**Q** 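Attaching a single structure in structure tokens format; questions to follow.
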Amino acid sequence: MKQLDVSFPSIELTSNFDTTWSQLKNSLHEFKCIPPLKRNPQSALVNDMNSSLESLYSTCSGQQTESTPLLHNGETSHISPEPRLQEEEQQLRTSSLPAIPNPFPELCSPASSPVLSPGSLPPGEPSTGKYIVKIFSEDGMGKVVEIPADMTARDLCQLLVYKSHCVDDNSWALVEHHPLLGLERCLEDHELVVQVQASMNSDSRFLFRKNYAKYEFFRNPLTFFPEHMVAWCQETNRTIPPSQLLQNFLATSSCPEIQGYLYVKEVGRKSWKKVYMFLRRSGLYCSTKGTSKEPRHLQLLADLEDSNIFTVITGKKQHGAPTDFGFCIKPNKCRGELKELRMLCAEDEQGRTCWMTAFRLFKYGIVLYQNYKIPQQRKTLISHFSAPVRSVSENSLVAMDFSGRIGRVIDNPVEAQSAAMEEGHAWRKRSQRMNILGSHSPLHHSSLSSVIHIAQLWFHGRISREESHRIIHQQGQVDGLFLLRVSQSNPKAFVLTLCHHQKIKHFQILPCEEDGQVFFSLDDGATKFTDLIQLVEFYQLNRGVLPCKLKHPCTVVAL
């Protein structure tokens, strides 16, 4: 009934207001106080009433509130909600706003400001502000990037790949580097960059580099976990097949162990002691009596939950390590005190890789497998939905043979491939002949073949053998990881540095001359190539005299 009382007199309100407004407008026009208005006052009043009602209904939905009547005894009253409704409406709007910092705090009072600052958030919730992170490349140059608080290491690597115009092959990594301690580690893909930066010292930095071995243990688990280092608590006398090797590490119900001798640096001393160690899900233990596994003979050295494992890059020089295969367990709360670090050293590279890989699996478990599968699933999804569609002209192309009097279509794919290779060799010969005859090419073939490889990512110029070892170590030590460099003993020759079974080998590439033309050979002239690019492409497809094919080029990208 109240709704009927309000709706009927509204006609009288509108008509009365129309008459009053026309009289007022005429009087104002007579005195030329204001110019004539083109807006319809009736529609303006209706719009104002509708907006006021909508705000009232949206604010007071589900609640019974008292409001000032719009009409009282046929006279209009002030159309606005009560002050209490205004405060409730403002509180609801404030609570629905996102938690963003206030860019202009001086324009509103702290008590009634509708913008939340990061300090006003509950302590358990992460801030949504922007943070500045500086990333360094291998050449020492840095790039400043502004990232949100929830950006992971994988997302930041993809951002840097996009900005640096690199190939996104899911092998890039963000490295936490501590130069004063001589430690570094690759961040896991799911780790938050801002949280890691908060635990770093002022001298520490982030590096952006390749790491082909980040998930290589999922592809070749037996290479990373030797049989003599893996022990099983539940099934001690049973041989575990390779297919179940990683399943036991990922499953929380099983209890795998890594065992073996390690050198441990004694706390507060420079001496190292060889101790028998056990790595379990609960932590790293050492045996106080030989190789005994009895609980009374085990001593906890480090916890996995609140620690991270680092590679020691200056073990012998800075810490006096007995071998070059050192690693360190650093607590998260540690800011750089050497007494809180657990310095360890293995006998060989395979042993160090086994200990460090098992540490990652025990700490993160199935999360590592998810990080490994996400890029593959994304790549499959992209290739499924965005497969390149060939045009009509490309579909109509066929292989032709014009060696006879008339051309013929080559139906056999093997013959078509051999014809394409012959055409490529003929093109090379034609280009060589044009260069020798003095064409408009800026470089002759002899000089072109000696400089054409300089722009390749796998060519590192004039670096030492030790520097090539360092680069191979940093980028993963997986089978097929390689680089080319200038030979130090023979300035006219080159050296292929290749990693196989976590060992680094060197192969010399010698120039040889035949019929006045210079070739490059890796097997004393049995297989000759016109330039280094052709040599690398051949051994990427054929193993030849090498222990394995060339798979992963060592790439150094400047940010």
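The model shown is predicted, which means the values in this text are computed figures rather than measured ones.
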**Q** Please confirm whether the ring centroid of Tyr215 lies under 6.0 Å from the ring centroid of Tyr369.
**A**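 Distance test on ring centres: not under 6.0 Å, no.
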**Q** Exactly one of Val145, Leu160, Leu174, Leu156 should register a side chain to side chain contact (heavy atoms under 4.5 Å, CB included) with Phe206. Which one does?
**A**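 Answer to the side chain to side chain contact (heavy atoms under 4.5 Å, CB included) test with Phe206 among Val145, Leu160, Leu174, Leu156: Leu174.
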**Q** Do any N or O atoms from the side chain of Asp479 and from the backbone of His501 form a donor-acceptor pair under 3.5 angstrom?
**A**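 Indeed, once roles are kept as given, a pair shorter than 3.5 Å links the two residues.
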**Q** Apply salt bridge (charged side-chain N to carboxylate O under 4.0 Å, His left out) to Arg185 and Glu191, showing your working.
**A** CA-CA 12 Å; Arg185 75 174 182 100; Glu191 289 190 78; 3.0 Å; yes
**Q** For a quick test of your reading: what N or O donor-acceptor pairs under 3.5 Å do the side chains of residues 361-368 make, sequence neighbours left out?
**A**
residue: Lys363; atom: NZ; partner: Ser307; partner atom: O; Å: 2.5
residue: Lys363; atom: NZ; partner: Asn308; partner atom: OD1; Å: 2.7

**Q** With sequence neighbours excluded, give me every salt bridge (charged side-chain N to carboxylate O under 4.0 Å, His left out) pair touching residues 204-213.
**A**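 Applying salt bridge (charged side-chain N to carboxylate O under 4.0 Å, His left out) to every pair that reaches into residues 204-213, excluding sequence neighbours, yields Glu138-Arg209, Asp169-Lys210, Glu184-Arg209.
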**Q** Does the ring centre of Tyr285 sit less than 6.0 Å away from the ring centre of Phe278?
**A**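 Here the rings of Tyr285 and Phe278 have centres that are no less than 6.0 Å from each other.
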**Q** Can you name the residues that form a side chain to side chain contact (heavy atoms under 4.5 Å, CB included) with His552, not counting sequence neighbours?
**A**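 Tyr212, Val478, Leu481.
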**Q** With a distance cut-off below 6.0 Å to the six-membered ring centre and an angular limit of 45° from the axis, does Arg485 pair with Phe459 as a cation-pi contact?
**A**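 Here Arg485 fails the 6.0 Å and 45° test against Phe459.
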**Q** For residues Arg465 and His506, determine if any side-chain heavy atom of one lies less than 4.5 Å from a side-chain heavy atom of the other.
**A**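 A side-chain contact exists here, since the closest heavy-atom pair is under 4.5 Å.
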**Q** Is it the case that Asn490 and Ser487 place a side-chain donor and acceptor less than 3.5 Å from each other?
**A**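 Looking only at side-chain atoms, Ser487 and Asn490 do not form any donor-acceptor pair under 3.5 Å.
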**Q** Quick check on the 6.0 Å ring-centre criterion: do Phe136 and Phe208 meet it?
**A**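 Ring centres of Phe208 and Phe136 not closer than 6.0 Å.
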**Q** Tell me, please, which residues at least two apart from Arg360 pass side-chain hydrogen bond (donor to acceptor under 3.5 Å, both in side chains).
**A**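 Arg360 satisfies side-chain hydrogen bond (donor to acceptor under 3.5 Å, both in side chains) with Glu188 once adjacent residues are dropped.
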**Q** Who passes side chain to side chain contact (heavy atoms under 4.5 Å, CB included) against Lys317, sequence neighbours left out?
**A**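 Counting only residues at least two positions away or on another chain, Lys317 forms no side chain to side chain contact (heavy atoms under 4.5 Å, CB included).
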**Q** Who pairs with Ala251 by side chain to side chain contact (heavy atoms under 4.5 Å, CB included), at least two apart in sequence or on another chain?
**A**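 Only Ser253, Ser254 meet the side chain to side chain contact (heavy atoms under 4.5 Å, CB included) criterion with Ala251.
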**Q** Heavy atoms only: give me the nearest Glu347-Thr323 pair and the separation to one decimal.
**A**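 The answer is O-CG2, 4.5 Å.
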**Q** Between Trp355 and Phe327, what is the ring plane arrangement, given parallel below 30°, perpendicular above 60°, and tilted in between?
**A**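 Aromatic pair Trp355/Phe327 classed parallel.
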